[in-house]
There are 2 protein chains.
Amino acid sequence: MNTIIDTPDSPLDRARGNCSSPLELDIDTLHQYLPVVRCKLAAGEYVYRMGQPFRALYLVHAGSLKSCELAEDGREQVTSFRIRGDLIGVESIGLSHCACDAIALEHCEIWELPYPPVIAACLQLPALQARLTASLAEEIRRHRSWMLALGTLNAEQRVAAFLLDMARDHARLGFSDCHFVLRMGRNDMASFLGIQHETVTRALSRLQELGYIAIQRREVRLLDGEALRFLACGERMRRPMAGAERAPRIKSMGHGRATSSLRRPAARGDTAYEAA
Amino acid sequence: MNTIIDTPDSPLDRARGNCSSPLELDIDTLHQYLPVVRCKLAAGEYVYRMGQPFRALYLVHAGSLKSCELAEDGREQVTSFRIRGDLIGVESIGLSHCACDAIALEHCEIWELPYPPVIAACLQLPALQARLTASLAEEIRRHRSWMLALGTLNAEQRVAAFLLDMARDHARLGFSDCHFVLRMGRNDMASFLGIQHETVTRALSRLQELGYIAIQRREVRLLDGEALRFLACGERMRRPMAGAERAPRIKSMGHGRATSSLRRPAARGDTAYEAA
DNA sequence: AACCGAATGTAACAGTCGGTAACAGGCGGA
DNA sequence: TCCGCCTGTTACCGACTGTTACATTCGGTT
């Protein structure tokens with residue numbers, strides 16, 4: 001199989017840090033300090049819901065889930081997708097109630113780590129404390145990475161970046177990084193990317209039309225990772241009928257959201273002088 | 001002074017959790033365990049830059065700063081604004097190098113907490129460990145809250161939400177919550193909100209035209225907090241010439257980004273069944 | 001005081017993307 | 001197997017907002 005992910009430091013990779021081995025703690029070690037409970041979930045079931053008492057963290061052992069932020073007025077958004085090795089529920093630490101929803105996208109197995117005991121165990125098990133802190137920091141970096149993407153990329157570029165991120169996740173689990181099945185539907189993808197599900201479909205169709213990917217429903221093949229990475233780095237997509245050259249940073253070509261940042265690469269904000 | 005922020009649980013408030021007292025740790029206590037260094041910064045100076053060796057966390061004692069995420073292709077975005085009481089640098093925990101930039105918006109005083117010693121001190125000082133973990137979790141919640149806003153609100157609504165957030169910060173420091181001075185310029189505001197600075201200006205002008213705020217350069221007065229909160233909760237702004245009624249959730253009125261979520265308040269994603 | 005650059009504000013134009021609708025295809029239940 | 005429902009796809013139109021250009025104000029320097 002040919003490798004799509006060849007740059008170990010793509011924009012979205014950086015957020016992940018050096019946490020290469022997902023499950024640094026085995027269940028036997030944990031069991032010495034904690035009453036770990038294995039839970040199985042069906043697709044659509046909630047791990048926890050916003051407003052419920054916060055009682056545990058959860059280590060994803062199999063399957064995939066989504067986190068949903070929701071406002072009292074009904075607005076909601078998927079803020080992350082989690083897979084094997086991820087620790088979920090950490091966003092509610094310091095609160096008495098859960099801050100958001102966590103919902104299984106498919107059949108899952110998760111390990112429940114009761115919260116006060118986890119803190120106690122951290123004192124006995126420095127590796128656990130480190131793992132918890134690292135998980136928190138990594139989640140911050142992931143969010144920031146996506147905030148950068150959502151703030152500077154247009155719809156097509158976001159979709160390209162998302163596919164690369166999914167490929168990376170898939171590769172991290174030891175599977176092919178150029179052929180995989182999306183775990184979430186168009187609505188969840190759109191919510192996460194801050195666009196509408198029709199726009200996601202449009203973008204996917206365009207990427208397929210360009211020959212960058214092949215997609216049927218949720219089954220994806222990445223055919224031209226180079227082109228996708230080119231897109232996800234804020235470059236404008238070459239139009240279907242456009243010439244052969246890849247148009248590196250052409251000025252005043254279209255009005256995509258991305259050109260704005262390309263136009264002012266050295267503008268370091270308002271009061272950001274170069275200081276020592 | 002009349003109070004603008006009367007609901008203790010606004011959408012963006014939730015993220016902050018119960019961390020009401022910002023500086024739970026005084027410098028004398030810290031000094032017993034750590035070589036704390038007081039640093040003064042001028043506007044525009046960097047606390048740290050992306051790629052530098054990660055060596056310390058910083059507690060903001062006075063002034064305000066911004067965090068900038070940046071990609072190798074030149075794209076960049078302000079991901080947060082920090083004020084007195086905030087702990088910055090935590091996003092690089094677990095990495096050998098800093099993951100982003102931190103830049104002073106004005107004259108600042110910050111306390112440098114060298115990183116390995118901080119971890120050591122956490123073992124001696126449970127309050128410090130709790131403070132660190134709480135800071136990390138709170139930052140995740142703040143990011144998620146803003147991801148919800150950026151994903152579901154249009155430009156005017158984002159600006160309204162931003163002003164309310166700034167008012168809340170200002171109130172948290174003990175100052176007026178209806179009259180304050182923005183610490184950042186239009187460019188930084190725009191970057192944070194994922195829009196262009198002209199759009200920020202447009203939105204601010206419109207809010208002023210509507211009588212919701214009074215603004216001159218960076219000095220802001222919130223005149224109608226109720227209307228602002230109404231906006232920031234995803235409701236569509238009533239047009240200048242529109243009738244008197246506040247148009248609660250009118251269907252098919254314009255094409256703003258916000259109506260999308262109002263249109264499907266019960267749609268809990270793709271595979272989200274109601275499961276016991 | 002005059003000048004200059006940066007930041008801010010305003011306006012006109014145009015493109016992307018959201019809203020809507022209609023349809024196709026897949027999946028599960030009867 | 002058939003049917004109904006949900007997901008996914010495509011097309012059209014227009015609002016929102018990015019882009020560009022320019023005027024104005026502010027702050028600091030000459």
Side-chain angles (χ1 to χ4, degrees), chain A residues 43-44 105 150-159 182 184-191 193-209 215-220 236-237 239 251-264 266-273, chain B residues 43-44 105 150-159 182 184-191 193-209 215-220 236-237 239 250-264 267-273:
Chain A
L105 292 171
L150 302 188
T152 59
L153 301 180
N154 64 25
E156 290 161 348
Q157 294 164 338
R158 295 182 200 186
V159 171
L182 295 170
M184 73 296 294
R186 297 289 188 267
N187 272 318
D188 285 338
M189 235 188 298
S191 171
L193 296 176
I195 53 183
Q196 300 303 114
H197 68 92
E198 295 93 337
T199 304
V200 172
T201 295
R202 272 191 290 257
L204 289 171
S205 299
R206 184 97 52 116
L207 293 177
Q208 185 168 42
E209 180 186 358
I215 185 169
Q216 191 171 25
R217 308 283 287 184
R218 299 189 184 185
E219 184 181 357
V220 185
R236 308 237 357 119
M237 183 183 298
R239 282 311 180 214
K251 290 197 64 154
S252 69
M253 171 186 178
H255 293 255
R257 192 182 295 235
T259 46
S260 65
S261 56
L262 296 180
R263 210 61 61 81
R264 44 180 167 84
R268 301 286 295 125
D270 294 296
T271 55
Y273 317 124
Chain B
L105 292 170
L150 302 188
T152 59
L153 301 180
N154 64 24
E156 290 161 348
Q157 294 163 337
R158 294 182 200 186
V159 170
L182 294 170
M184 73 296 295
R186 299 288 188 268
N187 272 318
D188 284 339
M189 231 188 300
S191 171
L193 295 176
I195 53 183
Q196 300 302 116
H197 69 91
E198 295 93 337
T199 305
V200 172
T201 295
R202 265 197 295 251
L204 289 171
S205 299
R206 184 97 52 116
L207 292 177
Q208 185 168 41
E209 179 187 358
I215 186 168
Q216 192 170 23
R217 309 284 286 186
R218 298 188 184 185
E219 184 181 358
V220 185
R236 299 209 39 89
M237 183 183 297
R239 282 307 177 220
I250 289 181
K251 291 195 65 152
S252 69
M253 171 188 179
H255 293 255
R257 193 180 296 236
T259 45
S260 66
S261 56
L262 297 179
R263 209 63 61 81
R264 45 181 166 83
R268 303 282 296 120
D270 295 297
T271 55
Y273 318 125

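The figures here come from the full heavy-atom set of this structure, side chains too, leaving out hydrogens, waters and symmetry mates.
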| said: Does L207(B) form a side-chain contact (heavy atoms from CB on, under 4.5 Å) with V159(B)? I'd like the steps, not just the answer. | reply: CA-CA 9 Å; L207(B) 292 177; V159(B) 170; 4.0 Å; yes

| query | Within this structure, what is the CG-to-P distance between L150(B) and dG18(C), rounded to whole angstrom? | reply | 14 Å

| Partners passing side-chain hydrogen bond (donor to acceptor under 3.5 Å, both in side chains) against Q208(B) (at least two apart in sequence or in another chain) | none

| Minimum-distance pair of heavy atoms, taken over all atoms of R186(A) and H197(A) | O-CB, 3.9 Å

| note | When rounded to whole Å, the CD to P distance for the pair Q157(B) and dG18(C) reads 14 Å

| request: Rounded to the nearest angstrom, tell me the gap between atom CD1 in I195(A) and atom P in dG19(C). | output: 12 Å

| request: Using whole Å, report how far CD of E209(B) lies from P of dG9(C). | output: 15 Å

| Taking all non-hydrogen atoms of both residues, which atom of R158(A) and which atom of L153(A) are closest, and how far apart? | NE-O, 2.9 Å

| request: Mind calculating the distance between CG (N154(B)) and C1' (dC17(C)) to the nearest angstrom? | output: 13 Å

| message | Just the rounded figure in Å: distance from P of dG8(D) to CD of E219(A). | response | 14 Å

| remark: Residues passing the side-chain contact (heavy atoms from CB on, under 4.5 Å) test with E198(A), sequence neighbours excluded, are Q196(A), R202(A)

| message | Going by the rule side-chain hydrogen bond (donor to acceptor under 3.5 Å, both in side chains), which residues pair with T201(B) if we only count those two or more places apart in sequence or in a different chain? | response | none

| remark: To the nearest angstrom, the CZ-C1' distance between R218(A) and dG25(C) comes to 14 Å

Protein and nucleotides 9-12 of chain D: nitrogen or oxygen contacts under 3.5 angstrom:
unit_1: dT9(D); atom_1: OP1; unit_2: R186(A); atom_2: NH2; d: 3.3
unit_1: dT9(D); atom_1: OP2; unit_2: R186(A); atom_2: NE; d: 2.7
unit_1: dT9(D); atom_1: OP2; unit_2: R186(A); atom_2: NH2; d: 3.0
unit_1: dT9(D); atom_1: OP2; unit_2: T201(A); atom_2: OG1; d: 3.4
unit_1: dT10(D); atom_1: OP2; unit_2: S205(A); atom_2: OG; d: 2.3
unit_1: dC12(D); atom_1: N4; unit_2: R202(A); atom_2: NH1; d: 3.4

| query | Rounded to the nearest Å, what distance is computed from the CD atom of residue Q196(A) to the P atom of nucleotide dC16(D)? | reply | 14 Å

